[in-house]
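In what follows, chains are A, B, ... by sequence order, proteins preceding strands, each numbered from 1.
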Number of protein chains: 2
Amino acid sequence: MALRDTGTEQLIKDTAKRIFFAEGKLHATTQDIADAAGVNRTLLHYYFRSKDILIQQVFKEAMQGLNARLDTVMESDLPFKKKIENLIDVFLTEAVAFPYQETFLVTEILNDSCRIHDESKPQKIKSFLAQIQTEMDAGHIKPMNPVHFLMNLFSLMVYPLIMAPLFKEMFNFSDSGYTDMINERKKLICEMIFK
Amino acid sequence: MALRDTGTEQLIKDTAKRIFFAEGKLHATTQDIADAAGVNRTLLHYYFRSKDILIQQVFKEAMQGLNARLDTVMESDLPFKKKIENLIDVFLTEAVAFPYQETFLVTEILNDSCRIHDESKPQKIKSFLAQIQTEMDAGHIKPMNPVHFLMNLFSLMVYPLIMAPLFKEMFNFSDSGYTDMINERKKLICEMIFK
DNA sequence: CATTTGTTTGACAAAAATGTTAAACAAAAT
DNA sequence: ATTTTGTTTAACATTTTTGTCAAACAAATG
């Protein structure tokens, strides 16, 4: 008989991603995940054998998703500025939905430096860095190591979302006030990085 | 008899901070901490009664340190540009030594939303935001909500350090190459935020 | 409709992490 | 030197988290 596909396996994985990436609960237990998914904890072992394997799978898919997003955005042949706007749109949207995704990835990498990580790397980075260099040479953006340009971009997009709990307190933001402020950033970031 | 102060209590706390803030091992156990400190795990309970209390204390001190750093930097009466340069110097240095400090803070906040957190807030933010506004009015920096200005600043400083494990792979950096690149950022950030 | 097979569940078992106790130890005080 | 008191340790106990198993269940198949 073929798999019945009740959707439970996917539900568990999606719930795990929500807890880790969206809620930032990096210490979540298998029970936490099962409860949040509304399923018996044993199912987690039925489908994934162990917590460790679930984590590895979540890790791998997040990594591949990230790489895919990067490649898609970078290889599109929009004019440079449109390309960057698209990049900001794609990654800011992702970061709003899953602010702690990269934090999870890094935490996992640091906590088991021994294990083999996903080998796949984004393929289009080199040519994209070259394209950035071209734009700098043309005087459209401030000259610097193109790597800095990209790191700046991601920093400006993601960090305010990761640090929301701290920044809200520091600057006395309400939840909705913070969301409004984040929404202003799409334009703002664009203005910052083009001279 | 007074406390003998063998330095063990401080050693445990410092080691915990190193593991959490510098090494980013957010899942470290009490045994991990004790081992890294070279002491018997029981001492952790002798001095702090529970892991939870140790974590709370580490959290509190990190929060107060952060607030103290902010206040010190913001209330200094250097001319604005020097003040910002000093801010970058202070916070980038801290971030190089303890890149995962804020990640730890946020993770703790998210994992026990119920517990009471440190009430103390930086006192000097309001006046500093006002000063930023003044500089914008004077045309020294690009006009925007001063909060954005500060968030941009911290994003550009801290995020590349948090994401080092990912960025290193993405951009094919060696460890020392990455350090060199980070060191370039002090100047770069300054150039980015002043027009 | 009975059987097969994949899914779900609860009860149980094992492992890991945290917490406790009493005794050993060492520095200071008497 | 002996006692006192704070520190450290090992052995043990508890709790939490993870993992296993067999039985119950339900959908597809013959």
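Atom pair R49(A):CZ and dA14(C):P shows a separation of 20 Å (rounding to whole Å applied). Computed from coordinates, the N111(A) CG to dA16(C) P distance equals 16 Å when rounded to whole Å. Between H27(A) atom NE2 and dT18(D) atom P the separation is 12 Å, expressed in whole Å. In this structure, CD of Q31(A) is placed 13 Å from C1' of dG19(D), rounded to the nearest angstrom. What separates CD1 of I53(B) from C1' of dG19(C) is a distance of 12 Å, to the nearest Å. With rounding to whole Å, D52(A) atom CG is found 14 Å from dA16(C) atom C1'. Spacing between atom CG of D32(B) and atom C1' of dT18(C) amounts to 13 Å, rounded to whole angstrom units. In this structure, CD1 of I12(B) is placed 11 Å from C1' of dT7(D), rounded to the nearest angstrom.
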Enumerate, atom names and distances included, each donor-acceptor pair closer than 3.5 Å involving a side-chain atom of residues 131-151 of chain A, sequence neighbours excluded.
residue : atom : partner : partner atom : Å
Q131(A) : OE1  : K83(A)  : NZ           : 2.7
Q133(A) : NE2  : D137(A) : OD1          : 3.0
T134(A) : OG1  : A130(A) : O            : 3.0
E135(A) : OE1  : H140(A) : ND1          : 2.7
K142(A) : NZ   : E191(B) : O            : 3.4
N145(A) : OD1  : V147(A) : N            : 2.9
H148(A) : ND1  : R185(B) : NH1          : 3.1
H148(A) : NE2  : E184(B) : OE1          : 2.8

Can I get a per-line list of side-chain donor-acceptor pairs under 3.5 Å for residues 98-109 of chain A, giving both atom names and the distance, sequence neighbours left out?
residue : atom : partner : partner atom : Å
T107(A) : OG1  : T103(A) : O            : 2.7

Tell me which donor-acceptor pairs under 3.5 Å the side chains of residues 23-33 of chain A have, and how far apart each pair is, sequence neighbours excluded?
residue : atom : partner : partner atom : Å
E23(A)  : OE2  : R18(A)  : NE           : 3.3
H27(A)  : ND1  : H27(B)  : ND1          : 3.1
T29(A)  : OG1  : Q31(A)  : N            : 3.3
T29(A)  : OG1  : D32(A)  : N            : 3.1
T29(A)  : OG1  : D32(A)  : OD2          : 3.2
Q31(A)  : OE1  : R41(A)  : NE           : 3.4
Q31(A)  : NE2  : D35(A)  : OD1          : 3.0
D32(A)  : OD2  : T29(A)  : N            : 2.8

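Note on Y47(B): only backbone sugar-phosphate atoms sit closer than 4.0 angstrom, heavy atoms only; bases stay farther off.
At dT8(C), one or more side-chain N or O atoms of T8(A) fall inside 4.0 Å of OP1 or OP2 (strictly under the cut-off).
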Reading 5' to 3' through nucleotides 9-17 of chain D, protein heavy-atom contacts under 4.0 Å coded B for base, S for sugar-phosphate only, - for none: BB------S

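Ring geometry for F167(A) against F171(A) counts as tilted: the plane angle lies between 30° and 60°, on a 0 to 90° scale.
The salt bridge (Lys or Arg N to Asp or Glu O under 4.0 Å) contacts involving residues 66-76 of chain B comprise R69(B)-E94(B), E75(B)-K124(B), where partners must be two or more places apart or lie in separate chains.
By the ring pair (Phe, Tyr, Trp, His ring centres under 6.0 Å) test, F48(B) is found to be paired with no residue, residues two or more places apart in sequence or in another chain being considered.
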